[in-house]
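This report refers to the structure that appears directly beneath it.
Values in this document were obtained by computation on a predicted structure and should not be read as measured data.
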Amino acid sequence: MPPSILIQYINKIVYEESKMSSARTTIMQKLLDKIVVQPASLSHALIKAAFSDHDGIVSSYIETPLTCPYTLMRITKPCRTFQCRHIRCFDVSAVVSISTTFWKCPICRISARDINSVYVDSYFMEILEKTTSDANVQIFPDGTWASLKDVDEEDEAIMVNASMDESLMSLDNTMNSTAEDLGEVIMVNSSLDATITLSSDSDSQ
């Protein structure tokens, strides 16, 4: 095959693949656009249920990642299926295989038959909008949350403050000790001066 014809053939294949890829992207985007956004109250119900399912074990918080178990990256649009009972979400990109094929949640492995089985969680969407790191979050029974990055920074600040307090106390003790030593030196000098004065008076007599 002449080189010119070979190049034309390769270019045609690349063009056709590009068209197919673009078509797949368009179809996939249309499918993803169908995913409904559910109010935070749905997550609050899951949180309440999670804290009541500990068999008598009282927990003050539940730690949840902000990374997707499917992509292993920070979630951009948090999703669950309507059958999921876990708090953790997966990224919308994990849903790309849902069309007519059999699909399972990457967290609990529950089946999702189509795109209508999945929803975007507005509660986690708010958390993602208010955080920038991949650090896990602590979720509390009342639905409030805290980033572990913030918790670690707060603990570090407490440790720094405690260290500074210790240093100041040590410096204060050193200064007090120095002042006491200086007082003793002054007293000794005064005593010596008094002795010398008495001696001089005695000699003059």
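- Residues meeting the salt bridge (Lys or Arg N to Asp or Glu O under 4.0 Å) test with Arg88, sequence neighbours left out: none.
- Closest approach of Phe124 to Cys89, counting heavy atoms only: CD1-SG, 3.7 Å.
- The two residues Thr81 and Tyr119 come nearest to each other via the heavy atoms O-CE2, 3.5 Å.
- If you take OG on Ser59 and CD1 on Ile139, they are separated by 11.5 Å, rounding to the nearest 0.5 Å.
- Residue Pro65 comes nearest to Asn136 through the heavy atom pair CA-OD1, 3.4 Å, listed as atom of the first residue, atom of the second, then distance.
- Within the 3.5 Å criterion, the main-chain N or O of Ile87 finds a donor-acceptor partner in the side chain of Arg80.
- Each of Ile35, Val37, Leu128, Val92 was checked for a side-chain contact (heavy atoms from CB on, under 4.5 Å) with Lys77, and the lone residue meeting it is Val92.
- A distance-only check finds no donor-acceptor pair linking the side chain of Arg85 to the backbone of Leu46 [under 3.5 Å].
- Taking every heavy atom of both residues into account, Tyr70 and Ser93 meet most closely at CE2-O, 3.8 Å.
- The main-chain N or O of Lys48 is found under 3.5 Å from a side-chain atom of Ser52 such that the two form a donor-acceptor pair.
- Atom-to-atom distance recorded for Ile62:CD1 and Gln138:CD is 11.0 Å, nearest 0.5 angstrom.
- Rounded to the nearest 0.5 angstrom, Asp142 CG and Tyr61 OH are separated by 15.0 Å.
- Nearest heavy-atom pair, Pro106 versus Arg109, reported as atom, atom and distance to 0.1 Å: CA-NH1, 3.8 Å.
- When side chains are defined from C-beta on, Tyr123 counts as touching Ile47, because their heavy atoms get closer than 4.5 Å.
- We find the OG1-NE2 distance between Thr64 and His86 to be 11.0 Å, quoted to the nearest 0.5 Å.
- Qualifying side chain to side chain donor-acceptor pair (under 3.5 Å) partners for Gln83, counting only residues two or more places apart in sequence or in other chains: none.
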Exercise for review: Start with the C-alpha distance between Ile127 and Leu66, add both sets of side-chain angles, then the distance that settles side-chain contact (heavy atoms from CB on, under 4.5 Å), and finish with yes or no.
Suggested key: CA-CA 9 Å; Ile127 294 177; Leu66 293 182; 4.0 Å; yes
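- In terms of heavy atoms, Ile110 sits closest to Cys84 at CG2-SG, 4.0 Å.
- For the atom pair CD of Glu129 and OG of Ser122, the computed distance is 9.5 Å after rounding to the nearest 0.5 Å.
- Side-chain atoms of Asp91 and Thr71 include no donor-acceptor pair closer than 3.5 Å.
- Residues Val137 and Phe51 share a hydrophobic cluster, clusters being chains of Ile/Leu/Val/Met/Phe/Trp/Tyr side chains in contact below 4.5 Å.
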